[in-house]
Amino acid sequence: MGVVLELENVKKNYGKKEAVRDISFIIKEGEIVGFIGPNGAGKSTTIKMIVGLIRATSGNIKVFGYNIEENRIEALKNIGCIVENPELYEYMSGWDNILQFARIFGIKDTEKLKEIVDFVGLKDAINRKVKTYSLGMKQRLALAVSLVSSPKLLILDEPTNGLDPSGIIEFRNLLKKLA
């Protein structure tokens with residue numbers, strides 16, 4: 001199994017405040033890994049550094065062997081992510097949201113997009129406006145959007161936040177299928 005993500009002595013400071021202290025780990029292909037810790041422990045900050053939204057103060061982050069600082073485009077090419085609250089176009093339908101993100105990635109294969117919709121369980125609601133979706137449906141749509149580019153690494157920041165127990169179980173089962 002190949003290494004898909006490697007963090008080596010990664011630190012993040014905001015002025016004198018240390019947000020992430022010397023974190024190192026490796027994730028291999030097919031693994032499902034979760035960050036567990038109290039609020040303010042640096043989980044979301046670490047995720048933001050991995051997906052290139054913020055820079056590490058020091059250390060190395062490699063995605064599929066590519067250093068995020070030296071080869072940003074190659075490193076990020078195979079990542080799908082949901083960071084914190086999924087940002088969706090509420091006034092558009094779920095399907096139009098997916099099409100919008102597909103356009104960004106230059107993807108025109110609507111059959112593939114329909115398969116993603118089926119996979120996340122939104123087939124019956126995909127043509128409704130997102131503002132009518134429950135939180136669980138929005139999380140499923142955000143997952144669908146993150147899958148549009150066929151990423152090899154999926155990074156999700158609190159994907160079950162606000163879901164009821166059955167919604168959490170369903171979402172975890174979807175992730176197991178993806179792995």
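All figures in this text were calculated on a predicted structure; none of them were measured in a lab.
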From Cys81 SG over to Lys48 NZ, what is the distance, rounded to the nearest 0.5 angstrom? 11.5 Å

Check the pair Val20, Met49 against side chain to side chain contact (heavy atoms under 4.5 Å, CB included), reporting the backbone distance first and the verdict last. CA-CA 10 Å; Val20 175; Met49 288 187 289; 3.9 Å; yes

Interatomic distance, CG@Leu135 vs CE@Met137, rounded to 0.5 Å, equals 11.0 Å

Would you say Ile79 and Val3 are hydrophobically clustered, going by side-chain heavy atoms of ILVMFWY under 4.5 Å? no

Stepwise salt bridge (charged side-chain N to carboxylate O under 4.0 Å, His left out) test for Lys28 and Glu31: CA-CA 6 Å; Lys28 294 182 179 178; Glu31 290 184 319; over 6 Å; no

Does one hydrophobic cluster hold both Leu175 and Val117, with members joined at side-chain heavy-atom distances below 4.5 Å? yes

Would you call Asn67 and Ile61 a side-chain contact if the rule is heavy atoms closer than 4.5 Å? no

Under 4.5 Å between any side-chain heavy atoms of Phe25 and Val33, yes or no? no

Between Val10 and Asp22, is any pair of side-chain heavy atoms under 4.5 Å apart? no

Same cluster or not: are Leu53 and Ile73 linked, directly or through other Ile, Leu, Val, Met, Phe, Trp or Tyr residues, by side-chain heavy atoms under 4.5 angstrom apart? no

What are the two closest heavy atoms between Leu154 and Pro151, and how far apart are they? CD1-CG, 4.4 Å

Step-by-step side chain to side chain contact (heavy atoms under 4.5 Å, CB included) determination, Lys12 to Glu18: CA-CA 6 Å; Lys12 179 63 181 173; Glu18 190 175 58; over 6 Å; no

Is it the case that atom CZ in Arg103 sees more than 12 heavy atoms from other parts of the structure closer than 6.0 Å? yes

Could you label the plane-to-plane angle of the Tyr89 and Phe101 rings as parallel, tilted or perpendicular, counting under 30° as parallel and over 60° as perpendicular? tilted

Would you give the length of the straight line joining atom CG of Leu141 to atom OG of Ser93, rounded to the nearest 0.5 angstrom? 9.0 Å

Within one Ile-Leu-Val-Met-Phe-Trp-Tyr cluster: Ile169 and Leu174, side-chain cutoff 4.5 Å: no

Could you give the distance from OG1 (Thr132) to CD (Glu90), rounded to the nearest 0.5 Å? 9.0 Å

Reported CD1-to-NZ distance for the pair Ile98 and Lys114, which is rounded to 0.5 angstrom: 12.0 Å

In sequence, state the C-alpha distance, the side-chain angles, and the governing distance for Phe64 and Asn78, and then conclude on side chain to side chain contact (heavy atoms under 4.5 Å, CB included). CA-CA 8 Å; Phe64 294 100; Asn78 292 304; 3.8 Å; yes

Would you please test Asn9 and Asn60 for side chain to side chain contact (heavy atoms under 4.5 Å, CB included) and show each step? CA-CA 7 Å; Asn9 303 105; Asn60 291 304; over 6 Å; no

Looking at Arg140 and Glu170, does any basic side-chain N land under 4.0 Å from a carboxylate oxygen? yes

Axial cation check for Tyr66 ring with Lys62, 6.0 Å and 45° limits: no

Heavy-atom nearest pair, Gly94 first then Tyr133, reads CA-OH, 3.5 Å

Check this for me: does any side-chain nitrogen of one of Glu115 and Lys112 sit under 4.0 Å from a carboxylate oxygen of the other? no

Please examine the side chains of Tyr14 and Thr45, heavy atoms only from C-beta on, and report whether any two atoms are closer than 4.5 Å. yes

Give a yes or no on whether Leu76 and Ile27 share a hydrophobic cluster (residues Ile, Leu, Val, Met, Phe, Trp, Tyr; joining criterion: side-chain heavy atoms under 4.5 Å apart). yes

All side-chain contact (heavy atoms from CB on, under 4.5 Å) counterparts of Arg172, not counting sequence neighbours: Ile168

Checking Glu87 now: which residues fulfil side-chain contact (heavy atoms from CB on, under 4.5 Å) with it, not counting sequence neighbours? none

Inspect the surroundings of NZ in Lys123 and state if more than 12 heavy atoms from other residues, nucleotides or ligands are less than 6.0 Å away. no

Donor on one side chain, acceptor on other, Asp157 and Ser44, under 3.5 Å: yes

Please check if the number of heavy atoms outside Arg21 that lie under 6.0 Å from its CZ is greater than 12. no

Quick one: do Glu69 and Arg55 make a salt bridge, cutoff under 4.0 Å? yes

Roughly how far, to the nearest 0.5 Å, is CD1 of Ile50 from CD1 of Ile23? 7.5 Å

So Tyr91 and Val130, do their side chains get closer than 4.5 Å, heavy atoms only? no

